[in-house]
Colleague: 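Structure in structure tokens, see below.
Side chains included, hydrogens not; waters and symmetry mates left out as well; all remaining heavy atoms used. Within every chain, numbering begins at 1; the chains are lettered A, B, ... in the order of the sequence lines, protein sequences first and strands thereafter.
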There are 2 protein chains.
Amino acid sequence: MSDALRVGIAGLGTVGASVLKILRDKGDMLTRQCGKEIIVTAVSARDAKRDRGVDFSSATWFDDPVALAKSNNIDVFIELIGGDEGPARVAVEAALKSGRHVVTANKALLAKHGVSLAKIAEEKGVLLNFEAAVAGGIPVIKALRESLTGNTVSRVYGIMNGTCNYILTRMWDEGISFEDCLADAQRLGYAEADPTFDIEGNDTAHKLAILTSLAFGTQIAADDIYLEGISNISLADIKAADELGYRIKLLGVALKTDSGIEQRVHPTMVPVESVIAQVHGVTNAVAIETDLLGELLLSGPGAGGAATASAVIGDLADIAKSRPGFQHGPVFGTPAKALAPYKRAKMRSHEGGYFIRLTVHDRAGVFAAIAKRMADNEISLESIVQRQSAVNHPDATKTVILVTHETTEAAVKKALEGIVKDGHSTDKPQMIRIERAG
Amino acid sequence: MSDALRVGIAGLGTVGASVLKILRDKGDMLTRQCGKEIIVTAVSARDAKRDRGVDFSSATWFDDPVALAKSNNIDVFIELIGGDEGPARVAVEAALKSGRHVVTANKALLAKHGVSLAKIAEEKGVLLNFEAAVAGGIPVIKALRESLTGNTVSRVYGIMNGTCNYILTRMWDEGISFEDCLADAQRLGYAEADPTFDIEGNDTAHKLAILTSLAFGTQIAADDIYLEGISNISLADIKAADELGYRIKLLGVALKTDSGIEQRVHPTMVPVESVIAQVHGVTNAVAIETDLLGELLLSGPGAGGAATASAVIGDLADIAKSRPGFQHGPVFGTPAKALAPYKRAKMRSHEGGYFIRLTVHDRAGVFAAIAKRMADNEISLESIVQRQSAVNHPDATKTVILVTHETTEAAVKKALEGIVKDGHSTDKPQMIRIERAG
């Protein structure tokens, strides 16, 4: 039996408390599996007195997480503070520079400073593990970084925000409006008081930026992601999607095109018979498309104290199982110094199918005018659903739903601008991208 | 840059040739990711002259794989020979005893000798990696062995045989009989000339036995698996399942009960809205249920040269990234010496729902008699579908389909024996287990 592994934890919220409980309750099992004992020697949090349901009095208390990170009494620093700057960043940097391994669940920090932190870790020969940062306990980081070594990834996409998937699932399941679903999600603790970060796709974007780097061996470019949230999705969209054999999901998608890398987060129509269409509620799922393996899909709980703590413990166990001084491969799969520069693909040239929902005046010739705008932009149509309105007077409107074959986003936008200019449309046209999915 | 990693490959079939091609075509990428070059220094196969579409003339040819395994010219031995005894076993043992790391795709060998081989590997401080042995390129071994460290697994189940899933999918999709689907599968190369091993569940059982050991930290018990293949599944079953909201899949299931571990391979009804119900064709999927994470599902191609080679390369990269003399945790998650004895649960006490399809004489009182047999065995029914036959004469038969609530297998078997004894049934009753699935 080797010497014990000494762990310092900064941040004792839900995840931190869960990590402490697992280390307390499963010590024997972990010692047997890792070949050494894991001991929490130091902790830090904002409030020393709050009851967290677990005793950590044997660990040294630090008011300052940076002091903890540099302490000679730890081998591993677990950062659960959060935030892309401030104490989290300073403490992680300090820990790595002091030759401590780091485990973190902090997606915002990695999306912003991941590459520079990886450089420090690799120079120091220590591990920087962050399985918990993307899709909670789902081992997507390990899959990309280790299992898929040798594969050339063409696309990675997934449902990475439980709040959004919960809302979209309930809208579809129960026919409840976006606003009511959001209120319920807030009441149940699935959504924050200010839900903007989740709903508008920023949270998904952070996670996607990390996956993009791992998948394509490039620098992280979290600021270069096309972003569109789900607040614009109506029950009419959900119902129309259902009729046409699709589900609407908020997907993060990164793919390699001839012109560079395309990163986007937006509501997406996926075929109902795809596996990802069956990922319901707060569950997350990530699909990875490669040349050798084909499509690999991982799904599971993307959030929650225990699920996130599971990923932290897995990362910690990898460190415990390794001999001192050993480093298990580069942090982002490719050494940080060798990560290729990020080159952005032109988003408007994105090719795919599109769902279009139009509310138009119920007049003769309207559909012909719409069809002409589509044809003028060389867009061919896969499905057309036109609903006759009940009332037949000059103010009546009807709904026209179109599903296009593969075309470019630029063409669709031009056609829709034309339709609006023709004066037939009474509302802003709705456009939702369709994504191939396995 | 460290010294190159020297690899010997025994077995140059589809997977072996694919591994050689990947190492040739992706050498630069692998060197960058692993921090060292990977060189094939030795190969062995039955036929030195066959054209495999890849040049390996720079490697030393061995007629005898055991001589290759012991060669001083290799650091890693890749075993792609197959078979649970003979040269594969002798060569793997020889390699481990000579202090070489081993990568193998050989599920039969591991299901039979996995624990004794793991003991040798752990004593020698070398790695025995076998991601390719279960569900092809899907990283389920790594998930169980590394990512889920600290989790207590309650159940692992999955679709682990592409041939069976291809047949069941086509029966459902196209209404083609089992026999015709099998013939097609053979023509397309998805099934062997003698398909028994796949169709009757033995292949799934080997894979399940390996997962059971990893999931529950017990000795491997491949001979203690309840086995039932898919040759008994008719189109009538597929159609009835569809109507009731289920799909039929050949699942391998291992779970921990109070009385021990239950391992079984059989056709299973899964709810159509579960993710696993959407796993079609030759795709594999494995679900793992744990206390911390909840349910994790991994799906992807379970066979094929490139997909299997992807797992071999991933295993090889793990070795290349490690420093000499390093060992990354126990082979089966728990040290082989510490694996608990396998203790079998009583299968007849298995609790769950059951689908029952009966062909009975179309006479008065038959359904009452069936209902009484069910009630006598304390089985309550969730759904009942009874189809009136068109003809109404003494020889006419009708179909009765029952879905039970949770009950024991013993109770169902007793009820069915009673129904047969009553003389109402014209055929052997069909019974398919229903499995909860996320």
Side-chain angles (χ1 to χ4, degrees), chain A residues 18 22 26 29-30 32-35 131 136-139 142-143 146-152 217 273-275 277-280 283 285 290-301 304 306-307 309-311 313-314 316-318 321-323 325-330 333-335 338 438, chain B residues 18 22 26 29-30 32-35 131 136-139 142-143 146-152 217 273-275 277-280 283 285 290-301 304 306-307 309-311 313-314 316-318 321-323 325-330 333-335 338 438:
Chain A
S18 191
I22 296 164
K26 302 205 172 184
M29 182 169 127
L30 286 166
R32 194 165 60 242
Q33 294 182 333
C34 298
E131 190 62 82
I138 305 175
K142 211 177 182 65
E146 299 170 25
S147 303
L148 296 178
T149 306
N151 280 264
T152 303
E273 67 273 17
S274 64
V275 175
Q278 304 299 325
V279 174
H280 305 305
T283 305
T290 83
D291 56 343
L292 302 177
L293 186 51
E295 181 164 310
L296 173 69
L297 182 127
L298 302 96
S299 82
S310 165
I313 296 286
L316 189 57
D318 272 352
K321 288 171 186 172
S322 72
R323 293 191 182 165
F326 161 81
Q327 194 209 332
H328 189 70
T334 303
Chain B
S18 191
I22 296 165
K26 302 204 171 184
M29 182 168 125
L30 285 166
R32 193 166 59 241
Q33 294 181 333
C34 298
E131 190 61 83
I138 305 175
K142 209 176 184 66
E146 299 169 25
S147 304
L148 296 178
T149 305
N151 280 265
T152 304
E273 68 273 16
S274 64
V275 175
Q278 304 299 326
V279 174
H280 305 305
T283 305
T290 83
D291 57 343
L292 302 176
L293 186 51
E295 181 164 311
L296 173 69
L297 182 126
L298 301 96
S299 82
S310 164
I313 296 286
L316 189 58
D318 273 352
K321 288 171 186 172
S322 72
R323 292 191 183 166
F326 161 81
Q327 195 209 330
H328 189 69
T334 303

Colleague: With a 4.5 Å heavy-atom cut-off, do B:Asp318 and B:Glu131 have their side chains touching?
Modeller: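 No; the side chains remain at least 4.5 Å from each other.
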Colleague: Which atoms of B:Leu297 are under 4.5 Å from chain A, going by heavy atoms: the side chain, the backbone, both sets, or neither?
Modeller: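 The answer is both parts of B:Leu297.
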Colleague: Name the member of A:Ser299, A:Gly300, A:Ala277, A:Ala309 that forms the most heavy-atom pairs with chain B at distances under 4.5 Å.
Modeller: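 Sorted descending by pairs with chain B, the first entry is A:Ser299.
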Colleague: If you count heavy-atom pairs under 4.5 Å with chain A, which of B:Gly137, B:Pro301, B:Gly314 comes out on top?
Modeller: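 Between B:Gly137, B:Pro301, B:Gly314, the count favours B:Pro301.
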Colleague: With side chains defined as the heavy atoms from C-beta onward, is the minimum distance between A:Lys26 and B:Asp291 less than 4.5 Å?
Modeller: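 Yes. Closest side-chain heavy atoms under 4.5 Å.
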Colleague: To the nearest 0.5 Å, what is the distance between CG on B:Leu292 and CD1 on A:Ile22?
Modeller: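 One finds 4.5 Å between CG of B:Leu292 and CD1 of A:Ile22.
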Colleague: Looking at chain A, which one of B:Gly333, B:Ala338, B:Ala143, B:Ser18 has the largest number of heavy-atom pairs inside 4.5 Å, strictly under?
Modeller: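 Winner by heavy-atom pair count: B:Gly333.
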Colleague: Can you say whether A:Leu296 sits under 4.5 Å from chain B via the side chain, the backbone, both, or neither, judging by heavy atoms?
Modeller: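 Looking at A:Leu296, backbone and side chain both touch chain B.
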Colleague: Please flag which part of A:Leu30 lies under 4.5 Å from any non-hydrogen atom of chain B: side chain, backbone, both or neither.
Modeller: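 For A:Leu30, the contact with chain B is made by the side chain alone.
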Colleague: Measuring heavy-atom distances to chain B, does A:Glu295 have an atom under 4.5 Å in its side chain, in its backbone, in both, or in neither?
Modeller: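 The backbone, not the side chain.
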Colleague: Got a second to check how far B:Glu146's CD is from A:Lys142's NZ, nearest 0.5 Å?
Modeller: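 Rounded to the nearest 0.5 Å, the CD-NZ separation comes to 4.0 Å.
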Colleague: Suppose we screen for side chain to side chain donor-acceptor pair (under 3.5 Å). Which residues come up paired with A:Thr149, at least two apart in sequence or across chains?
Modeller: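 B:Lys321.
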Colleague: For residues B:Ser310 and A:Asn151, report the shortest heavy-atom separation together with the two atoms involved.
Modeller: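 Nearest heavy atoms, B:Ser310 then A:Asn151: OG-ND2, 2.9 Å.
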Colleague: Side chain, backbone, both or neither: which part of A:Thr152 has a non-hydrogen atom closer than 4.5 Å to chain B?
Modeller: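 The answer is both parts of A:Thr152.
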